Amino acid sequence: MSAAAGSGTNHLPTIAVEGLTGCAGELLVILENLDKLLPFVRVVRFPFAQSKNEGGAVDITFVEGSVSQKHDLEKLKRIRANTRWLVAVGNCAVWGCVQKGALCKCKAAEMIEAVYGSAASSIAAEAMDAAPLDSHVAVDVKLSGCPINASQFLAVTASLLRDHLPYIVSKPVCLECKLRENPCVLIEDNLPCLGPVTAAGCGALCPSMGAACYGCFGPCEEPQIGAMTTILKEKGYEMEEVLGRLTAFGAVIPMGEKWQK
Amino acid sequence: MLSPTYFLPKERFPDFLNALKSLGQVFAPVKVSKQSYSFKAVEKASEIAFEALRTILPPKKFFYPQSETLVKFEDGEIKECIEEPVFKVIFGVHPCDLAGLGIMDTIFEDSPGDTHYLRKRRTSMIIGLSCMPDKHCFCQSMGTDCPEKGYDVFLTDIEDGYFIEGKSSQGQKLLADAFADKVLERAREAHKDRYKRFWLDRSEAFETGFKVDNLRSTMDLEWENPVWEELGDRCLSCGNCTPVCPTCYCFDLVDVAALSSKQDGSGDAERRREWDSCQFVGFAKVAGDYNFRPGPVDRLKFWYRHKLHGFDDAYGFKTCVGCGRCTVSCPSGIDDIVKVVNILQVARQEKDEGQPK
Amino acid sequence: MIPGKTPYLSVKGTIRSIVPMAQDNYLFDFTERTGSLSGCRPGQFVELWVPGVGECPISVCSGRVSESIQLMVRRAGRVTSALFNMSEGDSVGLRGPYGQGFPMEAFKGRDLVMVAGGLGVAPIRSVWQYALDHREEFGRLVLIYGMRHTNDILFRQEFKFLLRRRDIDIFIAAEEVVGPALPPIAMQLGRVTDLLRQAEISSDSCVAVCGPPVMYKYVIDVLKERNVDEANIHLSLERHMKCGIGKCGHCFIGGKFNCKAGPVFALPEIKHVPEAIECDAASLQGGLE
Amino acid sequence: MAEIKKSTIVIPEVTRVEGHSAVTVDILDGKVENVKLDVFEGTRYFEKIVVGHKYDEMAHLTSRICAICSTGHVLASIFAIENLLGYKADEKTTLLRELMHLGMIIESHATHLCALVLPDFLGVEDLISFADKHKEEFALWTFLRTLGNDVQYMVGGRSFHPVNLHVFKLSSHPSGEALNVMAHRLKDAREKALYLAQVFLDLKLPAIPSFEPEYLALDYDSPTYGYFGTRVKSSKSWLRSIEEYRDYLGEYPVAYSHAKKSGNAAQPFMVGAIARLRFHSEKLGREARQLFLSSELAKGSCNTMLNNLAQSIELVEAVYRAQAICETLLQIEEDEKASPGEARNENETNIDRLLDKLPGAAVGAVECPRGTLYHYYDLDEKGVVRAADLITPSAQNTQRIESDIRNTVEARIAEVEDGARQALLQADLETLVRAYDPCNTCATHAVSIRVAKR
Ligand SMILES: Cc1cc2nc3c(=O)[nH]c(=O)nc-3n(C[C@H](O)[C@H](O)[C@H](O)COP(=O)(O)OP(=O)(O)OC[C@H]3O[C@@H](n4cnc5c(N)ncnc54)[C@H](O)[C@@H]3O)c2cc1C
Ligand code: SF4
Ligand code: SF4
Ligand code: SF4
């Protein structure tokens with residue numbers, strides 16, 4: 001990999017970590033795993049974690065958060081222009097997460113009105129409908145998760161440092177769940193487990209603890225939403241609730257449109 | 001010459017378990033939730049769930065783990081990953097699972113033999129255990145209801161004790177030693193009578209099943225039966241039916257790259273296999289995004305066909321052993337093989353009858 | 001018995017040369033010192049490993065494999081892209097040869113028709129190279145090669161020489177002109193099926209076919225029009241493949257592992273297998289017929 | 001006519017804090033005219049996001065407000081709903097929730113203190129030099145945050161955005177073995193926590209002229225220093241139920257910032273570690289209490305910079321308390337083994353009856369690392385959220401931060417125009433903002449003071 005921003009003696013590839021609108025979850029995961037990366041990279045930008053931050057070209061930029069305001073968009077465009085690999089990290093950046101899920105129910109302006117009241121207008125001028133990065137710029141790699149799984153993050157970085165595209169599974173959570181030999185909470189406890197339509201990566205965290213998957217990793221490849229809805233309805237969940245759960249983490253927007261009615 | 005048979009009174013079971021433990025770590029079904037069991041390491045007889053019919057995962061997991069590294073690339077060289085297996089004793093394997101292991105053996109033994117599986121398999125002892133079918137068991141239909149091969153020792157529950165047969169030489173040696181240690185008795189006529197009665201009663205106990213002789217042609221003739229679309233509409237493509245199957249062997253091979261400062265790609269890496277499922281969208285996709293099985297219906301039909309006659313040609317057997325795991329672990333209730341086969345057979349029969357003589 | 005070595009172990013192949021053939025199609029020549037690939041037959045394939053990225057099945061496209069083995073690779077995804085980033089002297093892992101290949105022995109003494117569509121020309125090349133090396137053992141040789149765009153043509157240099165030979169009839173066509181007006185070799189506008197109708201094909205010919213999944217059905221129809229015996233039609237099927245040795249299940253179709261029993265099948269073996277040669281209507285739009 | 005001078009101090013992005021924020025100070029004719037803490041973290045309207053969702057979804061939805069305090073949000077939402085339904089969790093559940101919360105306190109305080117604050121005092125600006133030149137501090141941080149994370153991982157299944165905490169219960173309990181290992185790790189961590197507190201006890205603090213604000217913190221009956229409660233205590237000696245939070249907090253949105261501000265304009269109040277220690281220092285364990293007594297905090301100093309020290313004392317307490325909880329849980333497990341068969345899940349069977357209390361509304365609160373967090377929910381008869389109100393500690397502190405900045409600039413107004421000393425003032429302002437550990441989900445050293453003439 002070319003050390004695009006390589007300055008002087010330091011030939012290590014460069015990385016940057018940036019946040020748009022999110023909860024800083026990925027920033028935290030990356031911060032916590034930085035000691036493993038430091039021998040192999042030079043961190044040129046990471047405002048969450050350090051004060052001396054450089055501008056200019058970078059090899060890999062990890063971006064957390066959704067585009068939810070004009071400020072985010074300007075920043076994202078700057079990032080795109082300066083990085084070779086743009087990696088969307090986290091459900092916010094890949095799917096839009098909860099703030100995008102909420103758009104199924106009402107528009108951003110309505111929400112601002114409701115939350116900020118009289119001060120709404122100045123905020124509304126800045127705000128945009130929350131959207132994942134790829135609705136605005138080209139994204140090279142998408143690593144979902146809320147938050148991302150640390151070992152997946154390290155594997156993705158390892159691939160990119162070799163200049164290879166990483167392999168990211170988009171099989172359903174059920175696979176990991178069965179590999180861990182968990183009793184199925186959807187079958188045994190009638191919990192509204194979204195494992196069948198959610199992308200694996202977490203290691204089937206929730207079902208392994210006896211709880212229902214609530215879809216925080218975003219949808220798997222071609223989620224069978226129709227079948228999922230049918231099954232949950234048969235278990236006595238009301239349509240309204242099922243749609244609420246399916247859309248909560250921002251992913252399954254087509255279903256959300258039905259919810260808007 | 002027939003090998004000797006033994007009797008183990010139930011109160012002596014802990015001693016028998018100790019004999020097993022002296023060979024290696026013992027794994028047996030353990031209750032893990034209201035209705036599920038799992039093969040886990042056990043220390044005491046009280047931990048064993050003797051009533052367990054089907055565990056969530058079949059015993060294949062011991063020889064073909066969910067994830068294992070096959071080959072690695074280290075210091076610029078391609079190297080084999082050989083792991084020295086530790087001896088395992090798997091206790092409580094029912095006839096359907098024994099048949100399942102037999103099928104796995106065939107696949108992995110077929111040339112070129114799979115070293116990784118075979119090494120682990122040969123470093124183990126399988127202790128079979130009799131069972132009484134529940135409403136989902138249909139091993140009788142599949143012809144896998146009697147233990148034939150793939151085990152070392154088999155225990156038949158005859159109320160106050162177990163009637164024990166040794167199959168392999170390591171199994172017979174275990175029994176001979178246990179007999180010498182007075183853990184086992186020689187089986188007497190009364191035991192043998194009860195043993196026979198057990199198996200007769202058991203064969204009467206099946207609540208469900210179908211005829212297999214026409215399965216192949218039925219599957220082909222009913223390939224367009226409307227039932228497939230109905231099932232497909234309910235299919236989650238979650239893949240739950242395959243990891244739980246004693247004969248599903250499909251895997252994905254993935255590379256795991258180590259973080260490396262070598263930017264020319266010569267850094268260390270591992271090649272790992274992980275269980276995969278034919279129910280996932282990308283399973284049969286080839287370059288150019290052409291997918292041979294694009295929809296849930298296509299994948300579900302493929303699965304049914306594979307289970308019910310897929311290996312007829314390749315190996316001369318069917319790959320369903322009738323354990324009922326897929327039926328109980330499908331969140332959608334569409335992997336009810338017995339029900340589906342019955343629907344297909346009825347439809348076929350109607351056509352046969354409708355045909356002019 | 002338990003074999004000594006894991007069957008997933010590859011040997012090291014070093015890139016000797018890389019020749020760009022058409023956009024996103026490069027011909028790689030590897031040296032392999034252990035000689036484990038030297039028994040390779042036309043139509044067989046190897047598993048190529050770029051460590052840290054993955055493996056993919058690639059057909060051997062040279063009729064003779066000794067010290068070196070040639071692979072024609074199209075950049076399709078992760079592994080192939082990683083390979084494209086490599087240069088001469090770099091190494092990859094290779095294991096094989098796998099699969100049954102074309103039954104060259106059975107073809108001997110008969111007319112041989114070779115039908116290639118797109119990248120399918122790679123394994124077919126090993127067939128014609130073999131046949132030309134053993135020219136006297138075959139009857140008439142007919143080579144039919146179709147592609148989508150004129151500038152997709154692979155082995156252009158080789159075709160220049162082949163076209164001059166009298167002992168092989170060659171028909172090449174593209175569906176559309178893209179790039180330089182027409183390449184400097186005899187090329188028509190049309191489809192593989194059009195060429196098949198032009199060519200003189202005796203009903204007792206043997207046929208070797210390789211191309212995109214959508215092509216097979218139409219090729220078979222034309223061959224049947226020509227009264228070619230089904231048993232003499234051999235098709236190389238592409239399937240998603242991981243292990244190459246009949247374990248991983250990805251390429252399993254209708255009771256057979258494509259990697260072991262195939263990838264080359266005689267038509268009667270797969271005719272009634274669902275999915276084997278059908279194709280869905282959607283992918284036909286703008287397709288071959 | 002005399003020239004009117006207008007200058008502005010701008011900290012465009014405060015680094016090493018969670019979230020994105022900027023500080024602007026307008027100075028007109030030698031007087032501070034305006035102070036703005038501008039949080040430009042994108043709007044996420046959580047109060048609207050949660051509407052239409054079921055009560056049991058609140059924990060994982062609101063946890064996404066903030067990664068560092070996610071456990072706090074999870075617990076506040078659970079408490080609100082349990083308060084509404086009149087449900088009291090059993091002892092084991094309560095202890096595990098407290099353990100989880102302490103994990104967050106350890107992790108959050110350690111990260112704030114070691115990784116975000118210490119670099120100011122060590123004089124390092126980037127992570128690599130921090131990791132390189134101050135191995136010991138860097139290792140200390142790694143050790144403590146990993147410990148906090150692992151506690152949360154053990155109880156919650158994830159070090160943040162936990163998946164195991166639900167209304168009424170935990171979906172699974174950590175094994176005895178895990179608790180045992182954790183108890184030992186916590187014991188080994190005591191020394192490190194004490195060392196860190198000593199570092200902060202010994203620090204010389206920059207002069208920030210703070211004035212005594214009104215301190216607010218949760219009040220509770222438990223005999224140990226804690227973070228959960230349903231009453232609020234004020235340094236103005238009043239005590240009220242959290243249900244009345246609107247009366248005493250008064251929240252209003254500000255046009256220039258996306259984080260709402262709380263407080264009474266005339267009298268800003270402060271929440272967080274200093275406030276908690278003021279009210280509950282007598283409940284601290286021996287070691288933490290000794291540290292407290294030997295500090296300025298015990299003398300009632302209101303210097304904001306002491307918030308760092310206060311957090312370090314809490315960290316010590318948290319390590320001790322978490323260990324004690326692990327041991328208690330192990331004891332409970334022993335007792336359960338001794339007398340099995342006692343139905344533990346009697347609560348579960350009553351959920352339907354509990355839901356009969358719906359519709360209704362209630363408040364839940366927890367003391368997060370940065371102060372009191374309130375969640376208010378109004379549920380309809382099916383348990384679906386009709387309205388919500390979520391008030392974070394940072395929102396409550398905003399006004400006080402602004403007034404601290406104002407006071408500091410006013411006291412050091414000469415420095416504004418003095419090139420050499422200006423940089424120092426800016427750096428101190430940033431350190432000040434950071435001392436609050438504001439969780440705007442962030443603040444750069446590139447503080448600039450622009451002097452405009454008109
Ligand atoms: C017997 C056989 C011979 C082949 N011969 C050649 C050849 O000579 N030259 C050549 O360029 N290609 C050949 N291919 C196709 C080649 O294997 C795929 O293009 C390659 O696997 C793509 O790998 P990738 O990692 O670059 O792409 P990926 O990033 O893995 O995926 C890109 C696309 O390829 C599909 N794909 C992934 N793995 C496989 C696979 N194992 N088989 C088929 N499709 C896959 C994916 O589903 C996806 O649609 C052959 C395939 C087979 C089965
Ligand atoms: S994806 Fe989840 S963890 Fe990441 S920023 Fe968004 S809310 Fe936080
Ligand atoms: S518990 Fe959920 S994730 Fe696991 S198998 Fe059942 S549905 Fe799938
Ligand atoms: S199981 Fe589902 S909700 Fe739970 S962590 Fe995994 S993806 Fe997220």
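To find a chain, count down the sequence lines: A is the first, B the second, and so on, and within it residues start at 1. This one's a predicted model, so the numbers in the text were calculated from it and none came from an experiment.
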Winner by heavy-atom pair count (cut-off under 4.5 Å) against chain B, out of K36(A), E221(A), E188(A): E188(A)

Is there a side-chain contact between K171(A) and D276(B) (heavy atoms, below 4.5 Å)? yes

Segment of D255(B) engaging chain A (4.5 angstrom heavy-atom cut-off): neither

What one should report as the nearest heavy-atom pair of C235(B) and A227(A) is O-CB, 3.5 Å

Does Y167(A) reach the side chain of V256(B), with side-chain heavy atoms less than 4.5 Å apart? no

Counting only heavy atoms not in K235(A), do more than 12 fall under 6.0 Å of its NZ? yes

Other residues, nucleotides, ligands: >12 heavy atoms within 6.0 Å of K31(B) NZ: yes

As an exercise: rank V32(B), V254(B), T55(B) by heavy-atom pairs under 4.5 Å with chain A and give me the winner. V254(B)

Would you call E234(A) and R234(B) a side-chain contact if the rule is heavy atoms closer than 4.5 Å? yes

Nearest 0.5 Å, what's the CD1-OG distance between I187(A) and S329(B)? 6.0 Å

Can you tell me how far CG of L259(B) sits from CG of L161(A), rounded to the nearest 0.5 angstrom? 6.5 Å

Out of curiosity, L194(A) CG to L236(B) CG, how far, rounded to the nearest 0.5 Å? 10.5 Å

What is the minimum heavy-atom distance between S237(B) and P172(A), and which atoms define it? O-CG, 3.8 Å

F280(B) side chain near S170(A) side chain, heavy-atom distance below 4.5 Å: no

Sort L154(A) into side chain, backbone, both or neither according to what part of it lies under 4.5 angstrom from a heavy atom of chain B. both

P243(B) versus chain A, heavy atoms under 4.5 Å apart: side chain, backbone, both or neither? side chain

Check: S260(B) and R162(A) side chains under 4.5 Å, non-hydrogen atoms: yes

CD (Q35(B)) and CG (D189(A)) are apart, to the nearest 0.5 Å, by 8.0 Å

Side chain from CB out, backbone as N, CA, C, O: work out which of these in L186(A) comes under 4.5 Å of a heavy atom of chain B, or both, or neither. side chain

Heavy-atom pair with the smallest gap, counting every atom of E222(A) and P294(B): OE1-O, 3.9 Å

Under 4.5 Å heavy-atom distance to chain A, tell me which part of S332(B) shows up: side chain, backbone, both or neither. both

Counting only non-hydrogen atoms closer than 4.5 Å, does L175(A) touch chain B with its backbone (N, CA, C, O), its side chain (CB onward), both, or neither? both

Would you call K61(B) and E181(A) a side-chain contact if the rule is heavy atoms closer than 4.5 Å? yes

Heavy-atom contact with chain A under 4.5 Å, split by part of F39(B): backbone

To the nearest 0.5 Å, tell me how far K178(A) NZ sits from C241(B) SG. 11.0 Å

